[in-house]
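The block underneath contains the structure these notes are about, expressed in structure tokens.
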Amino acid sequence: MRALPPPPMRLLAMLLLALASTLTSCPQPRAATASAQAIRAQDAGAQASPSCDAFDDASASCAPQPSVVSTNLCADLLLLRLGDPGQIRSVSRQAHDSAQSPVAERAARYPANRGAVEELLYYQPEIALTYLGWSGRPHAELLAEQGIRVVPLPYPRALEDALAMTLEIARAIDREAVGEQVVAEARARIAALSARAVVAERPPRALYLRPNGGTAGSETYVDALLGLLGLRNLAAEQGIRGWGRLPLERLLADPPDLFLLGYFDQAQPPSKSRYGRHPLFADLLEQVPSIRLPSRTAWGCGGLELIDAAEWIAARLDTLEAPFEPIPGSTAESAGAPANGSAVPPLNR
């Protein structure tokens, strides 16, 4: 009688273990060897800790820092901001893509990965920074057996979450002092933004919108960002909690004072951009001021890039005429009365 094949998961584990045993006999790849000190000196984004040469050999400060691989752009941004160049073994291929990565030039110094388990086994880092939905998470136990600790990044909902995540990752990669410095600088920037926030008897209502009609309501980092800038979140006022979608009919009846447009600078398939291409929405954009957020700022990660985005928006708010005026005939102008608009054509154009 023929033996049944092993279950798929067990078979995969067996293959990975075999691959790991083969690769451990090969020389371990390094992100920086003889040039590590040169990179460390010129890298303005990562404040290197003092070299062990400055300490006595017995000092705990000379303990080697763990080697790290990041597997997606959000993790790359944190690692390149906090990590010492000598401990970075690989970053994701997204970080190398200048169309979506604000750190492509720095990331090019390190090998790129696709976030696959077998790549982690090849690079053999002590720590792998991933995101919560990483497909390799079921193999975390297997990776741990090979000395690789998987550290998933939490998904921030507010600026304080972003600061806490920064400190958490800094501690995980043994860069706590750098993390504290980065967070202190971030808090100073947040305070400066709060001081220049819009002050008005009727704060402007802003709406974050993507080409597919997606928006962000309460309990999102977008809501926190709008509040920091002194703006009201129209999506939250419309009862949207978390990430959702605002029907075009409701938008036309009650438009915002300001649009924040995300990912409108990227080519989108028709199925994902019907909302943004609708002629009535195009007409509305001609009447309502808008600020387009560059996709390559990577602010969608919800990390410290949120502060960059907030400063970008604040600078452009200063150039807009104030006060913001409601659109004639809108619900906002009529203090709650229904708008007498025509029926909205379907979003299938």
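Everything quoted here is computed from the prediction, not taken from an experiment. Side chains included, hydrogens not; waters and symmetry mates left out as well; all remaining heavy atoms used.
- The shortest heavy-atom contact between Pro111 and Ser90 is O-OG, 2.9 Å.
- Summarising the geometry, atom CG belonging to Leu82 is positioned 10.5 Å from atom CD belonging to Gln181; distances are rounded to the nearest 0.5 Å.
- Remark: Ala112 engages Arg93, His96 in a side chain to side chain contact (heavy atoms under 4.5 Å, CB included) (not counting sequence neighbours).
- The minimum heavy-atom distance linking Pro66 with Gln87 is given by the pair O-NE2, 2.7 Å.
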Could you go through the side chain to side chain contact (heavy atoms under 4.5 Å, CB included) check for Leu251 and Leu280 one step at a time?
-> CA-CA 10 Å; Leu251 175 61; Leu280 291 181; over 6 Å; no
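- Counting only residues at least two apart or on different chains, no salt bridge (Lys or Arg N to Asp or Glu O under 4.0 Å) pair has a member in residues 95-104.
- Here ring-ring contact (aromatic ring centres under 6.0 Å, His included) pairs that include residues 254-273, with residues two or more places apart or in two chains, are Phe259-Phe281.
- Scanning for side-chain hydrogen bond (donor to acceptor under 3.5 Å, both in side chains) contacts around Arg187 gives Glu160, with sequence neighbours left out.
- When atom types are taken as modelled, the side chain of Thr220 and the backbone of Gly217 share a donor-acceptor pair closer than 3.5 angstrom.
- For the disulfide (SG to SG under 2.5 Å) condition, no pair includes a residue of residues 151-264, sequence neighbours left out.
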Apply side chain to side chain contact (heavy atoms under 4.5 Å, CB included) to Tyr275 and Asn212, showing your working.
-> CA-CA 5 Å; Tyr275 195 111; Asn212 64 354; 5.6 Å; no
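- The ring-ring contact (aromatic ring centres under 6.0 Å, His included) contacts involving residues 140-181 comprise nothing, where partners must be two or more places apart or lie in separate chains.
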Evaluate the criterion side chain to side chain contact (heavy atoms under 4.5 Å, CB included) for residue pair Tyr123 and Ile148; output intermediate values, then yes/no.
-> CA-CA 10 Å; Tyr123 286 112; Ile148 303 172; over 6 Å; no
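- Residues Asp308 and Thr297 have side chains not in contact (no heavy-atom distance under 4.5 Å, counting atoms from C-beta outward).
- Nearest heavy-atom pair across Ala206 and Pro256 is C-CB, 4.2 Å.
- Counting heavy atoms from C-beta on, the side chains of Arg149 and Val151 come closer than 4.5 Å.
- Each salt bridge (Lys or Arg N to Asp or Glu O under 4.0 Å) pair with one or both residues in residues 225-236, not counting sequence neighbours, appears once here: Arg232-Glu237.
- Contact record, Ala309 with Leu225: CB-CD1, 4.2 Å, taken as the closest heavy-atom pair.
- Atom CZ of residue Arg106 and atom CG of residue Leu77 lie 9.0 Å apart, to the nearest 0.5 angstrom.
- Using a 4.5 Å heavy-atom threshold, the side chains of Leu258 and Leu317 count as touching.
- Every residue two or more places apart in sequence or in another chain that forms a ring-ring contact (aromatic ring centres under 6.0 Å, His included) with Trp243 is listed here: Tyr221.
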Please output the side-chain donor-acceptor pairs of residues 67-75 that fall under 3.5 Å, not counting sequence neighbours, one pair per line with the distance.
from, atom 1, to, atom 2, distance (Å)
Ser67, OG, Glu126, N, 3.0
Ser70, OG, Asp76, OD1, 2.5
Thr71, OG1, Leu129, O, 3.0
Asn72, OD1, Ala75, N, 3.3

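- Under the salt bridge (Lys or Arg N to Asp or Glu O under 4.0 Å) criterion, Glu180 pairs with no residue at all, not counting sequence neighbours.
- Closest approach of Thr215 and Leu246 over heavy atoms only: CG2-N, 4.1 Å.
- The structure places NE2 of His278 at 10.0 Å from CG of Asp283, a figure rounded to the nearest 0.5 Å.
- Note that the OH atom of Tyr110 and the OG atom of Ser92 stand 14.0 Å from one another [nearest 0.5 Å].
- Using a 4.0 Å cut-off between charged side-chain N and carboxylate O, Arg205 and Asp254 make a salt bridge.
- Ala177 meets the side chain to side chain contact (heavy atoms under 4.5 Å, CB included) test with no other residue; sequence neighbours excluded.
- Looking only at side-chain heavy atoms (C-beta outward), Ile291 and Leu261 stay at 4.5 Å or farther from each other.
- In this structure, the side chain of Arg241 does not engage the main chain of Ala236 through any donor-acceptor pair within 3.5 Å.
- The nearest pair of heavy atoms linking Arg81 to Val182 is CD-CG1, 3.8 Å.
- In this structure the side chain of Asp318 reaches within 4.5 angstrom of the side chain of Arg196, judged on heavy atoms.
- Taken from CZ in Arg277 to OG in Ser273, the straight-line distance is 4.0 Å, to the nearest 0.5 Å.
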Which is it for Asp257 and Arg202 under the side chain to side chain contact (heavy atoms under 4.5 Å, CB included) test, yes or no, and what are the steps along the way?
-> CA-CA 11 Å; Asp257 302 308; Arg202 176 185 173 274; 3.3 Å; yes
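- Contact of the Gln65 side chain with the Ile173 side chain is not registered, since no non-hydrogen atoms from C-beta on lie closer than 4.5 Å.
- A 4.5 Å side-chain heavy-atom check between Ile313 and Leu293 finds at least one atom pair inside the cut-off.
- With contacts defined as side-chain heavy-atom distances shorter than 4.5 Å, the pair Pro294/Trp299 does not qualify.
- For Glu168, the salt bridge (Lys or Arg N to Asp or Glu O under 4.0 Å) test picks out no residue, with sequence neighbours left out.
- One distance of note links CD1 of Ile240 with CG of Asp223; it measures 11.0 Å at 0.5 Å rounding.
- A salt bridge does not link Glu119 with Arg114: none of the charged nitrogens is closer than 4.0 Å to a carboxylate oxygen.
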